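As structure tokens, the structure follows; a few thoughts come after it.
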Amino acid sequence: MIELDRLTKRYGDARGIEDVSLRIGAGEVFGFLGPNGAGKTTTIRTMLGLLRATRGHARVFGLDSRTDARAVHARLGNLPGDFAYEPRLTGRELLRYLADLRGLRDLGRAEELAARFQAELDRPLGQLSRGNRQKVGLVQAAFHDPELLVLDEPTSGLDPLMQEAFLQFVADERERGRTVLLSSHDLDEVERVCDRVAIIREGRLIAVEDVAGIIGRAYRHVTLELAERVDPDEFRRLPGVIDLVSDGRRVTFKATGDLDAVIKAAARHTVVDLELVHPTLEEVFLTYYGGTT
Ligand SMILES: Nc1ncnc2c1ncn2[C@@H]1O[C@H](COP(=O)(O)OP(=O)(O)OP(=O)(O)O)[C@@H](O)[C@H]1O
């Protein structure tokens, strides 16, 4: 559905993105993660042909997003990071305008989406709060039921209830076989809805992985409660054990890799309780990429 081939965008001498290569398949919910200024918006805008690539190619639906921009844009829904339109227009007027542009006879599922996101379609956009404008932004991106939704920071400005409604909407779109590409700072939200994520840092793609894989391959938090006091070094010296803390009978640590040695060491004692907890995507991100999101 989306193919980026060494996509590079420089702003004069300034870095935008460098050599971003990526494939996103139909039906995927894909997340772009990265700190402020990493290049998420630049990737999205260059991918959609809204910015001219310095080098490299972007294909969407198998079409060149620059030379076939009209055909590409007719088939997708886009919520830009800086969603802003003529402030005197109401949401409904904006939707009519976009429907004309997209060659649609009616406003499709605009009413249904407006109800779902509690979007106010009859007030001028300039009078709406940022969050309420964002809701209209979501409706305009999706009302024509596109195969592909590209959403740059879709939940920014939304309150927790609306964030929840949005995540449910994305889950429903996935069920319907739609493809969704979104960027976010909120790892919790990405963990909940995305199949795969790309991590962008300083304009480069540093990892592309499936969410379950990242979390599954990372460490587990292990808590062992034993019947008697043990020497914590018995566990501390095992391969893959890090950050161990012990108060004698209770030993907690992170275990990377397989748990065989941990289980065998524990089995030499009477085990009262054993707890294994997978980290959140946020924890993994902070541990492996040591940075802010
Ligand atoms: N119009 C522009 N002119 C010059 N530099 C720009 C321009 N737009 C973006 N940049 C630079 O490109 C880099 C990537 O910015 P971009 O907006 O793509 O990051 P982002 O990951 O979307 O950040 P955020 O999370 O803050 O929205 C930054 O270093 C930024 O300063």
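Computed from a predicted structure; not experimentally measured. First listed ligand is number 1; within each ligand, the first listed atom is number 1.
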Which pairs with one or both residues in residues 260-275 pass salt bridge (Lys or Arg N to Asp or Glu O under 4.0 Å), sequence neighbours excluded?
D260-K264
Could you tell me which atoms of ligand 1, counted from 1 in the order shown, lie closer than 4.0 angstrom to a heavy atom of K40?
18 (O), 19 (O), 20 (P), 21 (O), 22 (O), 23 (O), 24 (P), 25 (O)
Sequence neighbours excluded, every pair satisfying salt bridge (Lys or Arg N to Asp or Glu O under 4.0 Å) that has a member inside residues 100-113:
R92-E111, R109-D145, R109-E173
Ligand 1 atoms nearer than 4.0 angstrom to some heavy atom of N36 are 23 (O), 24 (P), 25 (O), 26 (O)
In terms of ring plane angle, is the pair F235 and F253 parallel, tilted or perpendicular, where the classes change at 30° and 60°?
parallel
Residue T42 vicinity, atoms of ligand 1 by number, heavy atom under 4.0 Å:
14 (C), 15 (O), 16 (P), 18 (O)
Return yes if some donor-acceptor pair links the side-chain N/O of K40 with the main-chain N/O of I200 below 3.5 Å, else return no.
no
Do V208 and V29 share a hydrophobic cluster, counting only Ile, Leu, Val, Met, Phe, Trp and Tyr and linking them when any side-chain heavy atoms are less than 4.5 Å apart?
no
Would you confirm whether Q127, through its side chain, and P124, through its main-chain N or O, come within 3.5 Å as a donor-acceptor pair?
no
Element-labelled atoms of ligand 1 that are located less than 4.0 Å from some non-hydrogen atom of T41
17 (O), 18 (O), 20 (P), 22 (O), 27 (O)
Can you report which non-hydrogen protein atom sits closest to atom 10 (N) of ligand 1, along with the distance?
Y11 CE1, 3.2 Å
Below 4.0 angstrom, N of the basic side chain to O of the carboxylate: do D68 and R59 qualify?
no
Report yes if some N/O of G39 lies less than 3.5 Å from some N/O of ligand 1; otherwise report no.
yes
Considering non-hydrogen atoms of the protein only, which is the closest contact for atom 23 (O) of ligand 1, and what is the distance?
G37 N, 2.7 Å
Right, does atom 30 (C) of ligand 1 have protein non-hydrogen atoms nearer than 4.0 Å?
no
Do any nitrogen or oxygen atoms of A14 lie less than 3.5 angstrom from nitrogen or oxygen atoms of ligand 1?
no
